[in-house]
Every structure is written in C-alpha cells, then in structure tokens.
Amino acid sequence: MSIQTPTSPPGTSPERGDFIRDIVAADLREGRVQTIVTRFPPEPNGYLHIGHLKAISISFGIARDFGGRCHLRFDDTNPTKEEQEYIDHIQEDIHWLGFDWGEHLYFASDYFDQLYEWAAYLIGAGKAYVDDLSADEIREHRGTLTEPGRNSPWRDRPIEESLDLFGRMRKGEFPDGARVLRARIDMASPNINLRDPVLYRILHADHPRTGDAWSIYPMYDFAHGQSDAIEGITHSLCSLEFEIHRPLYDWLIDNLPVPSKPRQIEFARLNITYTVLSKRVLLRLVNEGHVRGWNDPRMPTIAGMRRRGFPAEGLRDFVTGVGVAKADNVIEFGQLEHAVRNVLNRTAPRRFSVLEPLKVIIENYPEGQIEEMDVANNPEDPSAGTRKVPFTRELWIEREDFMEEPPAKFFRLAPGREVRLRSAYFVTCREVVKDAAGEIVELRCTYDPATRGGDSADGRRPKATLHWISASHAMLAEIRLYDHLFVRPDPGADGDLFADLSPDSERVLQGCLVDPTLAELPVGETVQFERLGYFTPDRDSTPGQPVFNRTLTLKDTWAKLQAQGRQNT
RNA sequence: UGGCGAGUAGCCUAACGGUAAGGCACCUGCCUCUGGAGCAGGGGAUUGAAGGUUCGAAUCCUUCCUCGCCAGCCA
C-alpha cells in the first residue's frame, strides 16, 4: 500500500490521537487483533464528496499508521440506484486523493452467494422467516417510537415453508415487493432496527456487476457486517447514523457462522458552512442544472474541488486537521480555504494576469522597445527560479488598482502618485484619459529608468506594487470566479434549501488578459495570479479560447477594510 | 414521547481524577517588490445547568436542559 504522508497544519500531526485510534491501539496492545484491517465502503450511487474524504482519511489513515491495510469495497446491494460510471469515478477520485487499496478491491456483490447461504442458515435456525406482508403492512406492524410493534402473521410459519419460499424468491418466481425475508428478533424492541428487520427484498433489476443473475438483493444490514467478516475487517469505521444499527450488526455476526468478528465504531460526519453534503441534494443540483455537473467547481465533490484547483494535499490536510470525534460539528469553510492556501502558497508558480484591464501608456518609454524583466516564479521557493516577462510601452493594469479620487488608506495608483510595477519600474500617473461618457479609458504615465527591476537607488519606496502585463503579449482569456453555492452558512435551515442557492456563485469574466505562457499550463495545475489569487485552467479551455477558474482569492486586507467601511456607513 | 448518542472560547479538536491546551477565525506590532506570505504578541472558557463523591472534577455519580440519530422492501 502506498499512501503519501499528508503534510499537516502546524501544531497537529497526521497520526494525532483520537478516540478510534485509542481503541485500535488498545486492541493491538492487548492482543485482540494482530493486524489492523479497515475498509472504505462507498455505495456507487453518486460521486465522492469532501465528507467521504473524512471517512477515507480515517480508514486509510488508521491502516497506514498502524501498519495494516484498508480495503475499498463497493456496497453495491441496491441495483436500482447504482451505476458503473460511479464505480469508475469513485476509484479515480480516491487515487487522485492519494490513497491506494492495492489488491484489495471488493464488492459486496462478490458475496451474494455466501450471503444467500447464510440467510438460509438463519431460516434453518428459526431466526429468519419469509414474510408475505406488503410494505405498508410491515410498516403498520412495526409500531412507533413509543409503541411496540406486532408480530407478522407469517412470523411462525414453518421453517421448511420459509426455506422453500426463499428459494423461489431467488428464482424470480415472485414480483417485486411480494415477499421479504426478515430476521426473527423482537417486535417489541425499543430499537426499531431490531423489530424483525428486512434482510432480503425482491428486486428484478439489472445489477452493474451481476446483471440479472439475482432477483433478490440483501439489505445493507445483512450485507455490511458479513462482508466485513469475510474480508477480515477488524475495525469497521462508519458515521454516527449507523450507531443505532450496531446491535443488529452484532446480532448477525453472533448468529451466523462467520469467519471473523469485526467491530463497528462510529464517528461524527463532516459538515461545512455554506455547503451541503448530501448525495440526494447534489444529484438534484446536477439534474436541475444549477451547476455544470458533478464536477462543477462549486460542488463539494472531490471532482468539483479538483476542477476548482484545490490540491489533493490541501484537502487531506483539511480533513486531518478537523479531527475525529463523536460530537456533531460544522466546520467553517474558511478552515478549508486555509488548508488549500497553505499548500498553494508553497507550490503554486506565480504569474501576472489582469482580470479587468485598464490601459496604461508609458509616455517616456521608447515605442517598439521590449525588455525582458526577471521575475521570481515563487518568492516562497527560490529553487523555483525566475522567468522572463516582457515589458513594453503599452501595458494593462487592474482597473481596481487606480482611483481618480483615492480615499484614505487606498495605496494604489492615483493621479500624480508613484507606484511600483512589480519586478519592472516605478511609474507615475500623469494624466487620466476619459471617453465621451466620462469613463476612464487610459492612463498616461511616466517611468523612472533608474528603477529597473523594481528598486530605487535613492531609497524611494512606493506604498503599492501592482501587477501588469504587456499589451502586445497578453493572451485573452475567460475567467470564472467562484463563490459559495449557498448564501447562508446553514443552507436550508429555513426550510427551502433551493431558495438559499446563491445567484452569483459563478461570475464569468470575458476579456481578461493573462500571461501567454499559461496557454501551455495543463489542466490540474494551479498557479497564483499575483495579488489576485489562485487560478487553474478549466477543461472547457480550447486552444483559441482559454478558460481559467479562480480557485481562491488571496487573503485581502484591503477588501476587508472596504467591506468593514461599507458596514460602518 | 421509547431507545441510542453528544454537549469544552465565534468554529473545530485535546486534556484518560492533579488545576483548561492546539488549529481556524479575530486583534496588535514587526517585516515585506504580492494590502499575499512570514515573524512576534494579544484578547477571548464560571468546560450545558444544578447537586453530590473527593484533598482535588471537564473527567466519577445523580437529576435536569439542549441538540442529533432511528418508525425505507435506501445506504
């Protein structure tokens, strides 16, 4: 098994203790288990999201830290919702995230024969029976949270009859819903999961792996624990909503001749502000066209975050930094951003690009002259070296970087003011050119030839440094800016989740001018546009029409000041 | 309402009977050719509440409160 060791936020370590690791360590120490075996068991009914990454990180991470192994097992017991497409994408995503199950790829459907035998065994032992009640009738008999259930009239039917019926269910003799196999436990149990839970249902459906070989399929409860036992899983780690199923999990393990006794431990699932981690909702967002697909950069899916430009390392750091516990939690989105920026700041090459261009003419700069300025590829990493960036008489700067009447604390370009063009020259604004409508269309500036490279010998130090791009070299691009999909930190808390969808979670900018070397940047790489944020080429790019996604902005003190100012007035 | 689980600063997590720690966020200062990054510092917690046990309780006990999960032939 080869798993990259995640780097981690300062003050934490990837193998930081948590209550599950404590249990695992004790089981090892006290000889209850020899080798730790965990599993990640997705149902192939959708794409993986950041919540799954927490589960992946826990199960793969514990296996790694304790020298064991982690299996990937598809929980494919409901053919009506599962597709091969999902089976493929899930594997791709896990690999991209940096985890590997080696040879240990399994499917619950691999165990259908064994599971069927065990079901028959249970019937033979008088611990399961075929029930002819309809779904509605079963529900009525189940009772409620406060009232006990009633026995099905079929509960005491002869074993031989159940065995015969179960065999015929398998042969496909009955239509969907005609009968089910139920465990015979206790209709009065305070735990509703123990009130004779359904073990098998009839489903004449095509299964992505077993085709039409089966017309009955095991329920989650009958498949999961036994699959764990077959694979020798020692610690079956899942989220809190399965806690209530554990007594059933244990009951089945105790009443079946399974080859091992796995132990289920539950942890709280991940929640993040401004986002929804529910496959049902994500599927709806896709199907109703609210997003560009499962891999839309706004989606909390692994595929979406990847397309957004979030590096796998940052995602891993995020989930390990969030910890493992049993208390319900909602992580602030900012913590994800922090983990991503932390990686990107270290690794992303820098480039100059202008989102909303404003023309600048350097009046005293020779027409036709081109100078190659040396610019650091990454100030955080000298080994990344430098690159040549052409400087000419006509440039573009960011429209936001100029104000005709600058307020206090606005340090950037203004009439008569001198600023530095990063790694190039100091320039001073001499004149503002407007069109008939009074719109600023151009700035006439002068440069100081003595400041080549961006330093002045006389110790002059402009308060601002701007990014820029040569007009004759810039490449035109579309840039897509992303923000939270939902407007509130707790989407749907008021009832209507879809009413909380943000109207401007995506803003598409045309006419952006980017560093021409970006034409060769492969999809999957993320760069920093200096002073603007992190950007990554989108798969929608074509040779003549490059498209970039904004991964994240840089932390922006000026923007924050502005926002506060707006609040105060 | 029956059962199960959980409550530690704005958000996460730790402390395993010995006197509340770390990350994120926030605030200051320094530094800076990214208003980025970095560095240094700071504020903020009667540990859900009330009782009890103990020399000593976030940790143990009791009661209460709040929140979450369970009444699919979903997982």
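Within every chain, numbering begins at 1; the chains are lettered A, B, ... in the order of the sequence lines, protein sequences first and strands thereafter.
- Using a 4.0 Å heavy-atom cutoff across all strands shown, I138(A) reaches at least one base atom of the nucleic acid.
- Contact annotation for I272(A): no contact, since no heavy-atom pair falls under 4.0 Å across all strands.
- For R139(A), a side-chain nitrogen or oxygen approaches OP1 or OP2 of G72(B) to under 4.0 Å.
- Within 4.0 Å of E332(A), counting heavy atoms only, lies at least one base atom of the nucleic acid.
- The residues R73(A) and E231(A) are annotated as salt-bridged, a charged nitrogen and a carboxylate oxygen being separated by less than 4.0 angstrom.
- In this structure, D176(A) reaches neither bases nor backbone, as no heavy-atom distance under 4.0 Å exists between it and the strands shown.
- Within 3.5 Å, no donor on the side chain of Q562(A) pairs with an acceptor on the base of G35(B), nor the reverse.
- Across all strands shown, N191(A) has no heavy atoms under 4.0 Å from either base or sugar-phosphate atoms.
- Checked against the 6.0 Å centroid criterion, the rings of H245(A) and F242(A) qualify as a close aromatic pair.
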* Asked: Going through the distances and angles, do K279(A) and E43(A) end up as a salt bridge (Lys or Arg N to Asp or Glu O under 4.0 Å)?
  -> CA-CA 11 Å; K279(A) 277 192 200 171; E43(A) 183 190 15; 5.3 Å; no
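- For G72(B), the base is syn relative to its sugar; the glycosidic angle is within 90° of 0.
- The residue F410(A) sits close to a base: some heavy atom pair falls under 4.0 Å.
- Taking a pair to require two hydrogen-bonding distances under 3.5 Å in either a Watson-Crick or a G-U wobble arrangement, A40(B) pairs with U28(B).
- A donor-acceptor contact under 3.5 Å is not formed by the side chain of R531(A) with the base of G35(B).
- A parallel orientation is assigned to the rings of F535(A) and F529(A), their planes being inclined by less than 30° (bins at 30° and 60°).
- Residue-to-nucleotide proximity on RNA chain B shows that, of T451(A) and A327(A), the 5′-proximal contact is made by A327(A).
- By the stacking rule of 5.5 Å between ring centres and under 30° between planes, W558(A) stacks on the base of G35(B).
- Residue K279(A) is out of contact with every strand shown, counting any heavy-atom pair closer than 4.0 Å.
- C64(B) is paired with G48(B) under the Watson-Crick or G-U wobble criterion, all donor-acceptor distances under 3.5 Å.
- Nucleic acid contact for E530(A): base, since at least one base atom lies under 4.0 Å from a heavy atom of the residue.
- No donor-acceptor contact under 3.5 Å links the side chain of H141(A) to the base of A71(B).
- Within the nucleic acid shown, H467(A) has no heavy atom closer than 4.0 Å to any nucleic acid atom.
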